[in-house]
Amino acid sequence: MLRRPRRNRKSPVIREMVQENALSLSDLIFPMFVMEGEGVKTEITSMPGIYRFSLDLLLEEIQECVDLGLRAFALFPNLPEEKKDKYATESHNPDGLYLRAVREIKSRFPDIALMTDVAMDPYSSDGHDGIVENGEIVNDETLVVLGKMALAQAQAGADIIGPSDMMDGRVGYIREVLDREGFTNVSIMAYTAKYAGAFYGPFRDALDSAPRFGDKKTYQMNPANSREALIEAELDYAEGADFLMVKPALAYLDIIKLLNDHFDLPIAAYNVSGEYAMVKAAARNGWLDGDRTMLEVLTAMKRAGAKVILTYFAREVAALLKRP
Ligand code: PBG
């Protein structure tokens with residue numbers, strides 16, 4: 001045998017020398033949940049180790065993450081039911097919880113990258129990402145709300161705007177609003193290929209944001225489709241997106257690779273709540289080694305072509321890599 005692939009696996013030094021992909025803390029964005037109140041922190045039952053924090057405790061948590069070497073965060077709000085309405089008015093209230101949190105985080109931690117979420121669901125009494133009219137999610141009327149939300153977030157100090165709503169034309173619409181108001185430096189990470197699947201359950205528990213009727217299939221993509229992801233990517237690219245995201249990640253590695261092969265923008269993968277919950281549940285039962293599985297799935301996302309990974313594991317990865 002002239003070819004013996006095992007020679008390149010014979011020792012740790014050689015294995016590391018030929019390793020093609022590696023996880024780095026600078027790739028990770030840690031999604032976090034903010035809630036009202038003071039001194040409160042509640043664990044999300046279906047996401048062990050992940051909490052909703054009141055703003056004071058959230059700032060402490062971010063400090064700890066920064067000390068561990070994390071530098072990028074995404075923020076989502078958990079609002080009480082009485083703050084929600086049909087038009088997600090609270091989403092652009094400058095004195096509301098979310099925008100106060102963004103301002104406070106950026107003034108305490110000017111050097112981190114803070115990504116904000118643009119979609120109506122956390123603020124919507126219908127639990128949908130857009131405006132509901134006669135049982136339908138109306139696209140163009142929704143863009144107006146999304147534009148207000150994005151502008152308010154930019155004014156509050158957001159570094160990256162993350163439209164997670166899947167309305168048509170929203171990246172271009174938001175880009176224009178931001179540019180017109182002088183926020184040409186605020187980035188957009190488009191949720192480009194966001195699939196209408198079952199993996200978002202724990203996240204909707206975290207925000208109490210499940211749709212009050214129906215599902216999200218008229219705006220999020222069909223999990224059976226891949227070519228359609230290219231159409232979404234072409235549009236987001238043309239509309240000025242700075243990153244193209246695939247969501248969920250683990251069951252959609254082929255989509256990550258597809259977008260990475262066709263586009264020169266950095267590809268992001270969202271390792272979503274349900275993917276986190278699966279690993280945690282198996283690890284808690286002693287059925288999987290949690291740490292190793294975590295590193296393996298995240299590395300697989302890098303191998304598929306993700307440059308950036310949004311993951312609830314970020315803090316744990318940072319702690320693990322820091323351990324001697
Ligand atoms: C909605 C939104 C969702 C997530 C982020 N933004 C869920 C949904 O579409 O219902 C899911 C994130 C996760 O599951 O971790 N705008």
Side-chain angles (χ1 to χ4, degrees), residues 28-34 44-52 73-79 84 88 90-91 98 115-132 137 139 142-143 145-146 149-150 153 158 160-167 170-171 174 188-223 232 243 245-252 268-281 294 297-298 301 306 308-315:
L28 304 183
I29 301 179
F30 190 20
M32 303 179 102
F33 302 106
V34 64
I44 297 143
T45 317
S46 46
M47 301 174 76
I50 298 296
Y51 300 83
R52 307 174 192 89
F73 302 85
L75 189 65
F76 297 95
N78 170 270
L79 296 191
K84 303 185 181 182
E90 186 66 9
S91 67
Y98 191 68
M115 172 165 163
T116 52
D117 182 61
V118 169
M120 287 175 57
D121 53 322
Y123 318 88
S124 154
S125 47
D126 293 307
H128 275 286
D129 294 24
I131 299 173
V132 179
I137 288 72
N139 196 88
T142 298
L143 296 184
V145 181
L146 301 178
M149 206 184 292
Q153 293 171 358
I160 306 175
I161 304 282
S164 66
D165 54 280
M166 288 299 277
M167 296 302 117
R170 90 276 204 213
V171 170
I174 291 169
I188 298 179
M189 183 182 290
Y191 284 61
T192 296
K194 176 170 178 180
Y195 286 90
F199 284 101
Y200 309 140
F203 175 94
R204 293 176 188 173
D205 294 344
L207 299 194
D208 303 308
S209 66
R212 307 298 186 257
F213 70 89
D215 52 43
K216 299 192 174 184
K217 291 181 184 169
T218 67
Y219 44 109
Q220 298 179 356
M221 286 179 56
N222 180 344
E232 289 286 358
F243 302 80
M245 188 208 290
V246 175
K247 175 181 179 186
L250 195 48
Y252 297 85
Y270 199 141
N271 176 218
V272 299
S273 57
E275 300 172 50
Y276 176 86
M278 288 196 301
V279 174
K280 284 289 166 194
M294 164 179 85
V297 298
L298 296 172
M301 290 164 202
V308 180
I309 304 175
L310 290 98
T311 179
Y312 302 98
F313 287 119
R315 194 194 153 126

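Residues take their numbers from the sequence shown, with the count starting at 1. Keep in mind it's a predicted model, so treat the numbers as computed, not measured. The basis for the numbers below is simple: all heavy atoms, side chains too, and nothing from hydrogens, waters or symmetry mates. Atoms within each ligand, like the ligands themselves, are counted from 1 in listed order.
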Non-hydrogen atom of [X] closer than 4.0 Å to ligand 1:
X	value
Lys194	yes
Glu275	no
Tyr312	yes
Asp165	no

Side chain, backbone, both or neither: the part of Val272 lying under 4.0 Å from ligand 1 by heavy atom: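 Both of them.
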Taking non-hydrogen atoms only, is Ala119 closer than 4.0 angstrom to ligand 1 via side chain, backbone, both or neither?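 For Ala119, the contact with ligand 1 is made by the side chain alone.
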Top protein contact for [atom], by heavy-atom distance:
atom	result
atom 5 (C) of ligand 1	Lys247 NZ, 2.6 Å
atom 16 (N) of ligand 1	Ser164 OG, 2.8 Å
atom 8 (C) of ligand 1	Lys216 NZ, 3.3 Å

Apply the salt bridge (Lys or Arg N to Asp or Glu O under 4.0 Å) test between Asp121 and each candidate in Lys216, Lys84, Arg204; give the one that qualifies.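 When salt bridge (Lys or Arg N to Asp or Glu O under 4.0 Å) is applied between Asp121 and each of Lys216, Lys84, Arg204, only Lys216 qualifies.
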Where ligand 1 meets Gln220 - atom numbers and elements under 4.0 angstrom, heavy-atom basis: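 Answer for ligand 1: 8 (C), 9 (O).
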What do you reckon, does Asp121 have a nitrogen or oxygen under 3.5 Å from a nitrogen or oxygen of ligand 1?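 Looking only at distances, the answer is yes, because the N/O contact criterion of under 3.5 Å is met.
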